[in-house]
Amino acid sequence: MPGYTLTYFPLRGRAEHIRLLLGDQGLSWKEDEVQMQDWASGKRDLKKNAVFGQLPRFQDGDFVLYQSNAILRYLGRKHGLSGSNEQENAAIDMMNDGVEDLRLKYYRFLFLENAPNKEKYLQELSDQLAAFERILANNSKGPKFLVGDKISYADYNLLDMLHCNLDISPEILSSFPLLSAYVENLVARPKLSEYLKSDGRKKRPITPKHK
Ligand code: GSN
């Protein structure tokens, strides 16, 4: 039977925004978990066959897609989570790029040898979060979502990045009331909350650094 398959390492990493979308939308998918040692040894030729030599890989029936944000946008368009007109669509795309900037800084902080120290990282993060706080404040439809009055694929991405950063410092949202309420509202969504409590979610570390 055709369906969704997500091929990735046993991590949240660059697949978690996809899982948050699927979980919240009540969509079922198969997890095809790749162990690091199997990836490294070339088992199943996964790296060789990957368009850019990396995971995640997403399969929808016979259709195969790589690049985590392309997968997220594909699902967003397919399931009505990408805005109701061209302008909302572009605004959501812009938000998702803004979240990608957060993600790149986060991975740089965790993995690069010459990364900024934690204090500097958190200061820069705070400036970036202030931008998202303003975005919520300026949404003419209210502060529940990044764009308009309906959840979009960019909201799942931002929620994931906020979770990752809350793991580094649980205080990061204390001076951002709208972002704090935004996270509370999202995690209270029944299907999303069910996914967040699932064993699959709980057993997957954020990155290989989070054993
Ligand atoms: O968003 C994306 O899917 C790509 N722009 C990046 C995918 C990526 O970095 N994949 C990593 C694991 S997630 N890490 O941050 C990966 O496949 N690493 C193994 C390798 O051999 O490169």
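Everything numeric here is computed off the predicted structure, so don't read it as measured data. Counting starts at 1 for both ligands and their atoms, following the listed order.
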Would you please test Glu100 and Asn69 for side-chain hydrogen bond (donor to acceptor under 3.5 Å, both in side chains) and show each step?
-> CA-CA 8 Å; Glu100 174 65 15; Asn69 284 305; 2.9 Å; yes
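- Residues Tyr8 and Asp32 bring no donor and acceptor atom of their side chains to less than 3.5 Å of each other.
- For atom 19 (C) of ligand 1, the closest non-hydrogen atom on the protein side is Trp39 NE1, 3.3 Å.
- Interface of Arg14 with ligand 1, defined as ligand atoms under 4.0 Å from a residue heavy atom, comprises 1 (O), 2 (C), 6 (C), 7 (C).
- Nearest to atom 11 (C) of ligand 1 by heavy-atom distance, out of Val51, Leu55, Ile18, Asn69, is Leu55.
- By the 6.0 Å and 45° rule, Lys209 stacks over the aromatic ring of Phe111.
- Exactly one residue among Leu146, Val147, Asp160 makes a side-chain contact (heavy atoms from CB on, under 4.5 Å) with Asp155. That residue is Leu146.
- The aromatic rings of Tyr4 and Phe58 lie tilted to each other, with the angle between the two planes from 30° to 60°.
- Distances shorter than 4.0 angstrom do not occur between any heavy atom of Gly13 and any atom of ligand 1.
- Numbered from 1 in the order shown, with element, the atoms of ligand 1 that lie under 4.0 Å from a heavy atom of Gln67 read 1 (O), 2 (C), 3 (O), 4 (C), 5 (N).
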Going through the checks in order, is the salt bridge (Lys or Arg N to Asp or Glu O under 4.0 Å) test met by Lys191 and Asp24?
-> CA-CA 5 Å; Lys191 287 179 189 154; Asp24 186 52; over 6 Å; no
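- Using a 4.0 Å cut-off to heavy atoms of Pro56, the atoms of ligand 1 that qualify are 3 (O).
- When Tyr107, Tyr8, Phe9, Phe111 are checked for heavy-atom proximity to atom 13 (S) of ligand 1, Tyr8 turns out nearest.
- Under the 3.5 Å distance criterion, with hydrogens and angles disregarded, a donor-acceptor pair is assigned to the side chains of Gln25 and Tyr156.
- At the top of the distance list for atom 3 (O) of ligand 1, counting protein heavy atoms only, stands Ser68 N, 2.8 Å.
- In terms of protein heavy-atom proximity, atom 6 (C) of ligand 1 is closest to Gln54 OE1, 3.5 Å.
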